[in-house]
There are 2 protein chains.
Amino acid sequence: MSHAAEAVQSSFTPINRAGQAVSVPASAKSGAAPKRDHLSALQAIGSIAHFARNATIFSEGDDANYFYRVVSGAVRLCKLMGDGRRQIADFLLPDDFFGFEWLKTYSLTAEALTDVVVVRYSRSRLDRLGEARHDVQESLMGALSRDLWAAQNHVVMLGRQSAKERLVSFILALVERVGAKNGDALELPMSRQDIADYLGLTIETVCRTISELKRARYIDVPNRSQITVRNIDALRDIADGEF
Amino acid sequence: MSHAAEAVQSSFTPINRAGQAVSVPASAKSGAAPKRDHLSALQAIGSIAHFARNATIFSEGDDANYFYRVVSGAVRLCKLMGDGRRQIADFLLPDDFFGFEWLKTYSLTAEALTDVVVVRYSRSRLDRLGEARHDVQESLMGALSRDLWAAQNHVVMLGRQSAKERLVSFILALVERVGAKNGDALELPMSRQDIADYLGLTIETVCRTISELKRARYIDVPNRSQITVRNIDALRDIADGEF
DNA sequence: CGTTGCTTTGATGCCCGTCAATGATTGTGG
DNA sequence: CCACAATCATTGACGGGCATCAAAGCAACG
């Protein structure tokens with residue numbers, strides 16, 4: 001989807017769409033390889049796996065034997081500090097890739113937010129495929145780049161935005177992700193605590209800020225797993241520090 | 001701001017300055033490339049450039065025409081919000097690479113912290129080199145991965161650590177970077193404001209926290225650009241939330 | 001229906017930001 | 001080399017935003 005590139009400038013979109021099927025212009029010049037798309041090439045070495053809600057898909061420090069793509073459901077990537085503090089790095093939705101590591105071990109923990117179906121690619125096969133096929137290699141590089149881009153925006157959010165700005169940025173990222181318009185409802189597969197751990201806040205601050213946005217008629221909250229956006233333009237102003 | 005201070009060293013031909021030493025096969029694409037290490041391969045396409053303190057090396061949004069390596073001096077990478085708030089993503093020291101982008105434009109601004117010398121690689125040549133040579137491609141992936149890893153740790157720091165923990169983590173990162181021991185002095189090429197903008201704090205909080213660490217005898221501050229570490233183990237405890 | 005887990009709201013306090021003044025260091029021109 | 005200005009760093013006083021502690025609502029499930 002186009003927005004991934006365009007949204008770069010103004011809005012700090014925290015959600016990362018790792019590894020979407022983005023057009024990869026670079027391989028166009030080669031022309032020598034048989035005309036096959038790199039996603040099909042990946043298909044050939046993937047297998048399906050299921051995880052129940054709250055199951056751990058892999059833990060930080062585990063051998064990074066697999067690379068994943070979400071088919072359905074949602075996943076969170078997080079880091080745990082020694083004393084139990086938790087920071088969520090990313091939420092993954094269908095078609096997002098995750099678990100690609102340069103090092104031998106995972107640098108994050110992946111957990112199922114909901115029951116989830118994933119495609120799993122063995123790392124050794126992926127590496128071999130990458131060596132053989134330049135487009136696959138570049139597609140992996142693109143996934144890495146998108147993750148880095150998302151992490152850098154996340155850093156700005158946590159370092160320099162207020163609680164309200166962070167929550168609004170988070171909502172706007174979901175809006176962009178699904179192409180929502182005023183009046184549309186957003187699905188929130190994650191809990192308030194997950195949102196808090198993503199935004200570097202407490203659950204109470206997240207709740208209070210949601211209530212505040214509701215009182216101000218920017219959003220509605222029909223139930224705990226949905227938010228209806230009422231005034232996206234006003235939200236954009238808030239995210240950019242206009243209020 | 002001050003006059004642009006870019007100066008490309010003209011006494012060297014920017015194109016082929018390393019050609020003096022190494023025999024470079026004219027067409028790198030030829031299948032049977034001689035065994036050569038990827039750094040030398042990079043050398044062949046790099047040229048030297050100088051920037052004065054506070055000069056802008058490139059700005060967010062500029063066409064990403066070059067990829068850089070620090071030779072001497074130090075560089076900061078930062079993002080600016082519309083209202084002037086600044087977040088520093090990274091500080092770069094000699095041998096660090098920066099400015100590698102997947103997108104067409106830079107996602108960060110790079111500024112010279114001190115007078116700085118860099119090697120500059122043209123992106124188009126780098127791309128061609130990457131297509132031809134797998135080791136170069138992988139070395140670029142490695143650089144990306146390290147950046148991502150650093151950004152993820154930065155996220156945890158900003159999201160879940162206190163001011164004291166952040167400052168201590170920052171000091172410890174410098175300690176690791178130069179392999180300092182108790183009693184060694186660390187060079188701080190950046191200002192207090194830069195440190196604050198890296199840690200997501202204000203300059204006053206940074207100063208107060210430095211003073212606190214000094215009072216507690218964990219560090220000494222002989223002058224504004226040096227910190228002497230007195231008790232690294234105690235600092236490690238603080239960074240992990242032990243105090 | 002009661003239990004369980006999650007969410008929301010309220011009361012209170014503290015960490016850190018803001019505002020302000022002073023001190024230290026660097027740079028500049030006489 | 002000194003005088004002065006400009007910049008940067010430090011410290012203090014104060015307040016606000018968010019965390020903490022506590023309790024009450026609410027939905028899912030046996």
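Below, chain A is the first sequence line, B the second, and so on; all start at residue 1.
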Exercise. Extract, from 5' to 3' on DNA chain D, the first and final nucleotides lying under 4.0 angstrom from some heavy atom of chain B.
Key: dC8(D) to dA13(D)

Quiz item: What string of B, S and - do you get for nucleotides 9-18 of chain C, 5' to 3', if B is base contact, S is sugar-phosphate-only contact and - is no contact with any protein heavy atom under 4.0 Å?
Solution: BBB----SSB

Quiz item: Within 45 degrees of the axis of the six-membered ring of F91(A) and under 6.0 Å from its centre: does R76(A) put its NZ or CZ there?
Solution: no

Practice problem: Please tell me if the side chains of I219(A) and V221(A) come closer than 4.5 Å, counting only heavy atoms from C-beta onward. | Solution: yes

Self-check item: D62(B): partners by side-chain hydrogen bond (donor to acceptor under 3.5 Å, both in side chains), with sequence neighbours left out
Solution: none

Quiz prompt | Runs of at least three consecutive pairs that involve DNA chain D, where pairs are Watson-Crick or G-U with distances under 3.5 Å | solution = C:1-30 with D:1-30

Practice problem: Apply side chain to side chain donor-acceptor pair (under 3.5 Å) to E60(A) and S107(A), showing your working. | Solution: CA-CA 5 Å; E60(A) 182 174 352; S107(A) 63; over 6 Å; no

Quiz item: A239(A) and S169(A): which non-hydrogen atoms are nearest, and at how many Å?
Solution: CB-OG, 3.7 Å

Quiz item: Within 45° of the axis and under 6.0 Å from the centre of the six-membered ring of Y68(B), does NZ or CZ of R120(B) qualify?
Solution: no

Exercise. Hey, could you give me each pair passing side chain to side chain donor-acceptor pair (under 3.5 Å) that has a residue in residues 207-217 of chain A? Not counting sequence neighbours.
Key: K164(A)-E212(A)

Quiz item: Given atom CD1 of I227(A) and atom P of dT7(C), what is their separation to the nearest angstrom?
Solution: 12 Å

Quiz item: Do the ring centers of F67(A) and F97(A) come within less than 6.0 Å of each other?
Solution: yes

With the criterion being N/O to N/O and under 3.5 Å, what pairs connect the protein with nucleotides 24-28 of chain C, and how long is each?
from: dT25(C); atom 1: O4'; to: R224(B); atom 2: NH2; distance (Å): 3.2

Quiz item: Do F170(B) and Y198(B) make the cut of ring centroids closer than 6.0 angstrom?
Solution: yes

Quiz item: Is a side-chain donor-acceptor pair under 3.5 Å present for T205(A) with T202(A)?
Solution: yes

Quiz item: For W149(B), does the CH2 atom sit with more than 12 other heavy atoms under 6.0 Å from it, leaving out its own atoms?
Solution: no

Exercise. State whether R85(B) and E165(A) are salt-bridged, where the test is any N-O pair (Lys NZ or Arg NE/NH1/NH2 against Asp/Glu carboxylate O) under 4.0 Å.
Key: yes

